[in-house]
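The structure presented is a predicted model; accordingly, all values stated were derived computationally and were not measured. Numbers here are sequence positions counted from 1.
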Amino acid sequence: MGQFASWGSRALAGLVDYGVIAALTAIATFSDLMLLLVVELVALANVFYNVAYLGGQGQTLGKKVSGIKLVRADTGQPVGFGLALGRAFLHIVDALPVCAGFFAPLWDEQRRTFSDRIVNTVVVVAGPPASAYPAQYGQPPRQW
């Protein structure tokens, strides 16, 4: 299955996936009500985008940037849309006790959040991307 992802790489992924939306929401909160509504709709769309990509390939844009992916702990395969949606909803559990669940990967042996434990998922270091040059074409050209 691979090496478990560090807390720092998970935090970076979350910042990429949700940081911009959170900043826009904060700005819109002190601004126009219509702008706040638009930002909240964008935030909702962002959640569903992230859930779809986590379920299908195990990686959102943030996780790709961080070089990590979400997989089922028992099979090492992507989790599917339903389980990814459930995990996203269960982040409420991570947030409830003063966000302790989001810091749980710092002390958990498999570096899992509370929601990861509930739905039996792990975040691991992603393997290198598949080569764009098939073996029959030899080595890719050198990058100078």
- Message: Checking the side chain of S66 only, and the main-chain atoms of I68 only, is there a donor and an acceptor separated by less than 3.5 Å?
- Response: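 Not a single qualifying donor-acceptor pair exists.
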- Message: For K63, is there any backbone N or O sitting under 3.5 Å from a side-chain donor or acceptor partner on R10?
- Response: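 Checked: no pair found.
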Can you tell if the side chain of [X] reaches within under 4.5 Å of the side chain of [Y], non-hydrogen atoms only?
X    : Y   : result
V79  : L70 : yes
V122 : R72 : no
N50  : Y18 : yes

Under 4.5 Å between side-chain heavy atoms, hopping through other hydrophobics if needed: is there a path connecting [X] to [Y]?
X    : Y    : answer
V125 : V65  : no
L85  : Y49  : no
Y53  : V124 : no
L83  : F114 : yes
L12  : L61  : yes

- Message: I'd like to know if the side chain of D94 pairs up with that of S115 as donor and acceptor (distance under 3.5 Å, no hydrogens or angles considered).
- Response: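 S115 and D94 do have a side-chain donor-acceptor pair below 3.5 Å.
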- Could you pull out the closest heavy-atom pair between P78 and G55, with the gap in Å? CB-O, 3.5 Å
- Write out all pairs satisfying salt bridge (Lys or Arg N to Asp or Glu O under 4.0 Å) with one or both partners inside residues 82-93, taking only residues at least two apart or from two chains. R87-D116
- Task: Verify the ring-centre separation between H91 and F102: is it less than 6.0 angstrom?
- Result: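 Between H91 and F102, which both carry aromatic rings, the centre distance is below 6.0 Å.
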Kindly list each side-chain donor-acceptor pair under 3.5 angstrom involving residues 37-48, sequence neighbours excluded, with atom names and distances?
| unit_1 | atom_1 | unit_2 | atom_2 | d |
| --- | --- | --- | --- | --- |
| E40 | OE2 | T25 | OG1 | 3.4 |
| N46 | ND2 | D17 | O | 2.9 |

